[in-house]
Amino acid sequence: MQCALCRNKECLTGKNCSVIKSGLGYNGENLKSIQISAWLESDPVKRTKLEEIAIYSKRLGYRKIGIAFCIEHEREARLVYDILSRYFEVFSVCCKVCSIEKESLNIKKNR
């Protein structure tokens, strides 16, 4: 699928443009996930994306959640961490994890 590149968006009118024809049954946790997403979308209460993530994850019974962030957004990541840690055990990772130098991968380092 390349939905980001599609200009027609015929899916909005109910057309199934997927090339995958079989095995698309939704049941169990997959069905529950879709139902929660649809409820959040249709609920008239306006929420932030962070609130939606927390509600979605809680309704699915998640106890742990992870966040990945660019080191340049460390301050914002800390805020997200602080909020989510009220409800979940939070794990986080930044783009500089393991501190592998770009030169060791033959990538030019920006100055």
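Keep in mind the model is a prediction, meaning the values are calculated, not measured.
Ionic pairing of Asp43 and Arg47 is present here: one or more N-O contacts between side-chain nitrogen and carboxylate oxygen are shorter than 4.0 angstrom.
A distance-only check finds a donor-acceptor pair linking the side chain of Lys9 to the backbone of Cys6 [under 3.5 Å]. In this structure, Ser85 contributes its side chain and Asp82 its backbone to a donor-acceptor pair below 3.5 Å. Between the side chain of Lys58 and the backbone N or O of Arg63, no donor-acceptor pair lies under 3.5 Å. Of the possible polar contacts, one joining the Ser37 side chain to the Ser33 backbone as a donor-acceptor pair under 3.5 Å is found.
Remark: Lys64 NZ is loosely packed, at most 12 non-hydrogen atoms of other residues, nucleotides or ligands lying under 6.0 Å away. In the displayed structure, Glu10 atom CD is contacted under 6.0 Å by more than 12 heavy atoms of other residues, nucleotides or ligands. No more than 12 heavy atoms of other residues, nucleotides or ligands sit less than 6.0 Å from atom CD of Glu74.
No chain of hydrophobic side-chain contacts below 4.5 Å, direct or via other Ile, Leu, Val, Met, Phe, Trp or Tyr residues, connects Phe91 to Leu60. In this structure, Tyr62 is a member of the same hydrophobic cluster as Leu40, with clusters built from ILVMFWY side-chain heavy atoms closer than 4.5 Å. Phe69 and Ile65 sit in two unconnected hydrophobic clusters of ILVMFWY residues. Membership requires side-chain heavy atoms under 4.5 Å apart, directly or through other members. With hydrophobic clusters built from ILVMFWY side chains whose heavy atoms lie under 4.5 angstrom apart, Val93 does not share a cluster with Leu79.
In this structure, the separation between CD on Glu51 and CD1 on Ile83 is 8.5 Å, given to the nearest 0.5 Å. A distance of 7.0 Å separates CD1 of Ile53 from CG of Leu84, quoted to the nearest 0.5 Å. The line from SG of Cys95 to CD of Glu72 is 7.0 Å long, rounded to the nearest 0.5 Å. For the atom pair Thr48 OG1 and Leu50 CG, the distance stands at 5.0 Å (nearest 0.5 Å). Rounding to the nearest 0.5 angstrom, the gap separating the NE2 atom in His73 from the CD1 atom in Ile67 is 13.0 Å. Annotation: the span from Glu52 atom CD to Lys46 atom NZ amounts to 9.5 Å, rounded to 0.5 Å.
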Quick one: do Trp39 and Ile34 satisfy side-chain contact (heavy atoms from CB on, under 4.5 Å)? Show the steps, please. CA-CA 9 Å; Trp39 172 78; Ile34 291 169; over 6 Å; no
